[in-house]
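So the structure is just underneath, and the comments pick up after that.
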Amino acid sequence: MIDLKQLRENPEHVQARLNLRGNFDLKPILDLDQQQRELEMKRSLLQARSNEIGKLVGQKIQSGTNPQSSEIQALRDEGNQVKAQLGELEPQEKEIKAQLEAILLTVPNLPSESTPVGKSEEDNVEIRRWGDEYLPGNPNIVPHWEVGEKLGILNFERSAKIAQSRFVTIIGAGAALERALIQFMLDRHIAEGYTEVIPPFLINSQSLTASGQLPKFADESFKCDRDDLWLTPTAEVPITSLYRDEILPTEALPIYHCAYTPCFRREAGSYGRDTRGLIRLHQFNKVEMFKFVHPDTSEAEHQTLTQDAEGVLQALKLPYRVLQLCTGDLGFSATKTYDLEVWLPSSGKYREISSCSNCMDFQARRGNLRFKEAGKKGTQFVHTLNGSGLAVGRTMAAILENYQQPDGTIQIPDVLQPYMGRSVL
RNA sequence: GGAGAGGUGGCUGAGUGGUCGAAAGCGCUCGACUUGAAAUCGAGUGUACCGAAAGGUACCGUGGGUUCGAAUCCCACCCUCUCCGCCA
C-alpha cells in the first residue's frame, strides 16, 4: 500500500512516479481522504460531547441526584440527540473509509528512482551475463520435455489424466533430481544465513492481501471456496504474513528466511504460451528467499539477495543473465526487481528462473508489520524483499537441456552428485 | 464432527454497567544509592488516527445491538484449549 500521508503531502510526485508504470488516477483517493478527515473531525467532536454527557450523568447519579429528575432527563435527551447525529455520520465515515481502503489496495507500488523507465519487458535492461563458457556446444539439443519423456522421468500425458494439462509427474531419477535440487538450494541458503521455514501451503485472504495478490489478482490463484483458503502461489505469501500485525524490536532485524514450497498458479490468460514442458505449470516447486530488513539497509540487502540467487546458478554452472525490470514490467508490489534468466538451448532463449524484488514498505504497510527503534518514538514499517532461489522446475528444465549429452543422457551437475549418488541420468 | 472452557496491555492477571486505556505484580527505560554490581527507592513505560498546538477520538478476539454511559449485558462470527470421535 502506498503511503497516504506521502500522497497527501506530495500528490504530484506520487502521481508522476505511478504514471511510469501505467495510468492510475489518484485524484479519487485524495478526494475520499479529504472527505474522510472532515467527517472524522465532526464525528470525534460529537463523540467527545457524548462522552462528556455520559460522565456527567454518572457523576450526578452517584452523588445522589435522583435519576428521574428533570436535570438528568435533560442530559439524557441531549445524549439521545447527539447519538442520533452520530448515527448519521458514523455510517458515512465508515463507507468512505471502506471505499478509500478498497481503492488503496489496488494501487501498485511506486517504482524506485533507480528503476529504468519503460513500457514493457522489451525495455528491461540487461545488467550482466554469466557463464558463456558453459553454453553447451551440442547444436542438436532436444527440448527438455522430449528428453524427459524419453528417459521416462517426466510424464505429462498421464498427469493430464490425473489432474489437467499443465501438470507433471516426475518419476524415478527425475524425482530424485528434483529433490536433490530442493535440498541443495536449501542447504546453500541456510549456510548463507537464511532460516528455513515450512509454512502452511493453504493461505487465507488476509495473507494474500498483505503480499499484494489480492484483491487485484484473485484470478491467478486457486481457491478452496468454502474455507477462505487459497493454495499458495509462492512462499512469499505465507512468509510475508509470518510476522503480520506485529511490532518487532529493531534488534530482531534483519530476518532472513528460506522456504521450500510447491506453488500453485492458475496461469489465467496464458493459455497459448509455454504449453509444453516444465516452464509454465499449475503446480511447481520453488525455494524462496525472503528478508525483513531495516529501511536503511534494504538496497544493499537487495543486492546480496540477488547474489544469493545467482550463486545457485553459478554453482550449477548454468549460463544466465540478470535483467533489471523497467517501470512498466514491475510486479504489483515491487519497487525494484532483478530477474535472473537461465539459458534454455532448445528455445535459444534466456528464460526467467528467479525474480528478486525489493517491496520496501509496501507489503509491510498492507500487513501492518512494523518495528520499534529504542529511543525513537513511534514505529516504522519494515522493508520486505523476496527472491526465488530458485524455481526448481525451471532449473530441472535448464539442466535437462544444458547438461544434455549427444547420446541423449544427462550429466548431473557436480554439486548435485553428492545428493544424487550418481553422475548421469 | 460432538461436549465443555476461555480470549484483557511485552508477560502474569484483576476488573460483571458509570470518571477504566484499564488495578497489582513481573519485565523494560531513566534517575538515586554503590568502587562496580545486586538489592532497595523514585519516575516513566501500548498502538493508531485527527489537530499548528492545547487537546480530542478509537482500540479489552471480530462485527452488530441495548443504554445518557459497555472490557462488563444481548446476538452472530472467529480463534485457542480440554475431553470424545475420526485420522497421517
Side-chain angles (χ1 to χ4, degrees), chain A residues 1-9 29-105 198 200-210 224-230 238 241-253 262 361 364-382:
Chain A
M1 195 144 65
I2 59 167
D3 182 1
L4 191 54
K5 218 176 276 171
Q6 189 198 2
L7 171 61
R8 199 183 290 149
E9 282 161 10
I29 296 180
L30 288 164
D31 290 346
L32 284 170
D33 177 51
Q34 181 69 29
Q35 287 178 53
Q36 194 274 119
R37 283 189 300 157
E38 278 166 19
L39 280 168
E40 176 169 347
M41 203 138 68
K42 278 192 213 161
R43 195 217 66 226
S44 73
L45 280 174
L46 280 173
Q47 205 92 259
R49 179 57 187 158
S50 169
N51 289 346
E52 202 178 349
I53 293 168
K55 271 181 196 171
L56 267 172
V57 173
Q59 272 167 11
K60 287 192 188 289
I61 290 177
Q62 258 170 21
S63 59
T65 310
N66 180 353
Q68 310 309 326
S69 71
S70 60
E71 190 186 357
I72 294 218
Q73 200 48 53
L75 282 170
R76 283 194 174 142
D77 289 346
E78 191 191 344
N80 277 324
Q81 246 178 348
V82 171
K83 207 173 113 184
Q85 295 178 57
L86 278 171
E88 278 182 37
L89 283 185
E90 267 177 349
Q92 280 179 41
E93 193 193 346
K94 251 185 203 172
E95 171 60 24
I96 299 229
K97 264 193 160 150
Q99 280 180 32
L100 187 59
E101 172 87 359
I103 299 182
L104 274 174
L105 285 174
I198 302 180
F201 299 164
L202 294 182
I203 294 174
N204 62 33
S205 298
Q206 231 189 322
S207 299
L208 280 133
T209 304
C224 310
D225 239 321
R226 36 192 297 192
D227 297 301
D228 185 35
L229 286 171
W230 307 65
S241 281
L242 193 54
Y243 307 105
R244 176 150 55 78
D245 294 316
E246 294 189 32
I247 300 173
L248 304 169
T250 336
E251 310 84 74
L253 301 176
D361 62 0
R365 217 174 267 287
R366 293 175 149 244
N368 197 27
L369 167 51
R370 295 162 294 168
F371 70 96
K372 169 124 187 121
E373 223 155 344
K376 270 197 188 175
K377 63 173 183 213
T379 56
Q380 302 175 65
F381 290 104
V382 306

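By convention in this document, chain letters (A, B, ...) are assigned in the order of the sequence lines, proteins followed by strands, and residues within each chain are numbered from 1.
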Look through every strand shown and name the nucleotide pairing with A48(B) as Watson-Crick or G-U wobble, where both distances are under 3.5 Å.
U57(B)

Which nucleotide, in any strand shown, forms a Watson-Crick or G-U wobble pair with C26(B), with both distances under 3.5 Å?
G10(B)

Which base, if any, makes a Watson-Crick or G-U wobble pair with C20(B), both distances under 3.5 Å?
none

Note, Arg8(A) side chain near Lys5(A) side chain (heavy atom, < 4.5 Å):
yes

Heavy atoms only, 4.0 Å cut-off, all strands: where does Leu45(A) land among base, sugar-phosphate and nothing?
nothing

Backbone N or O of Lys60(A) within a donor-acceptor pair of the Ser63(A) side chain at under 3.5 Å?
yes

Rounded distance in Å between the C1' positions of G21(B) and U57(B):
13 Å

Categorize Asn51(A) for me: base, sugar-phosphate, or nothing, with a 4.0 angstrom heavy-atom threshold over every strand shown.
sugar-phosphate

Base, sugar-phosphate, or nothing for Glu40(A), non-hydrogen atoms under 4.0 angstrom?
base

So Gln36(A) and Glu93(A), do their side chains get closer than 4.5 Å, heavy atoms only?
yes

Whole-angstrom distance between A24(B) and C20(B), as gauged at atom P:
12 Å

For Lys83(A) and Gln62(A), take the nucleotide of RNA chain B holding the closest heavy atom to each; which residue's nucleotide lies nearer the 5' end?
Gln62(A)

Whether over 12 other heavy atoms sit under 6.0 Å from Gln206(A) CD:
no

Assigned partner base of A32(B), Watson-Crick or wobble definition, under 3.5 Å:
U40(B)

When the P atoms of A5(B) and A76(B) are considered, how many whole Å apart are they?
15 Å

Mind checking the C1' distance from A88(B) to A71(B)? Whole angstroms is fine.
42 Å

Watson-Crick/G-U partner (both atom distances under 3.5 Å) of G4(B)
C81(B)

Kindly list each side-chain donor-acceptor pair under 3.5 angstrom involving residues 44-54 of chain A, sequence neighbours excluded, with atom names and distances?
{"from": "Ser44(A)", "atom 1": "OG", "to": "Glu40(A)", "atom 2": "O", "distance (Å)": "3.3"}
{"from": "Ser44(A)", "atom 1": "OG", "to": "Met41(A)", "atom 2": "O", "distance (Å)": "3.3"}
{"from": "Arg49(A)", "atom 1": "NE", "to": "Glu78(A)", "atom 2": "OE2", "distance (Å)": "2.8"}
{"from": "Arg49(A)", "atom 1": "NH1", "to": "Glu52(A)", "atom 2": "OE1", "distance (Å)": "3.4"}
{"from": "Arg49(A)", "atom 1": "NH2", "to": "Glu78(A)", "atom 2": "OE1", "distance (Å)": "2.8"}
{"from": "Arg49(A)", "atom 1": "NH2", "to": "Glu78(A)", "atom 2": "OE2", "distance (Å)": "3.2"}

G6(B) to G13(B) separation - C1' atoms, rounded to the nearest Å:
14 Å

Does C73(B) have a Watson-Crick or wobble mate here (both distances under 3.5 Å), and if so which one?
G65(B)

Using the closest heavy atom to pick a nucleotide of RNA chain B for each, name whichever of Arg8(A) or Gln59(A) lands nearer the 5' end.
Gln59(A)

Quote, to the nearest angstrom, the P distance that separates C26(B) from U80(B).
33 Å

When the C1' atoms of C83(B) and U45(B) are compared, how many Å lie between them, rounded to an integer?
42 Å

Find the partner of C86(B): check Watson-Crick (N1-N3 plus N6-O4 or O6-N4) and G-U wobble (N1-O2, O6-N3) distances, both under 3.5 Å, and reply none if neither fits.
none

RNA chain B: first to last nucleotide in contact with chain A (atom under 4.0 angstrom from a heavy atom), 5' to 3', is G18(B) to G69(B)

How is Lys94(A) classified with respect to the nucleic acid when contacts are heavy atoms under 4.0 Å: base, sugar-phosphate, or nothing?
sugar-phosphate

Using atom P of each nucleotide, how far apart are G4(B) and U8(B) to the nearest Å?
22 Å

Donor + acceptor pair across side chains of Glu95(A), Gln99(A) (<3.5 Å):
yes

Around atom NZ of Lys42(A), are there more than 12 heavy atoms of other residues, nucleotides or ligands at under 6.0 Å?
no

Does some side-chain heavy atom of Leu369(A) sit less than 4.5 Å from a side-chain heavy atom of Leu242(A)?
no

Students often get this wrong, so: under 4.0 angstrom with heavy atoms, is Lys372(A) touching a base, only sugar-phosphate, or nothing?
sugar-phosphate

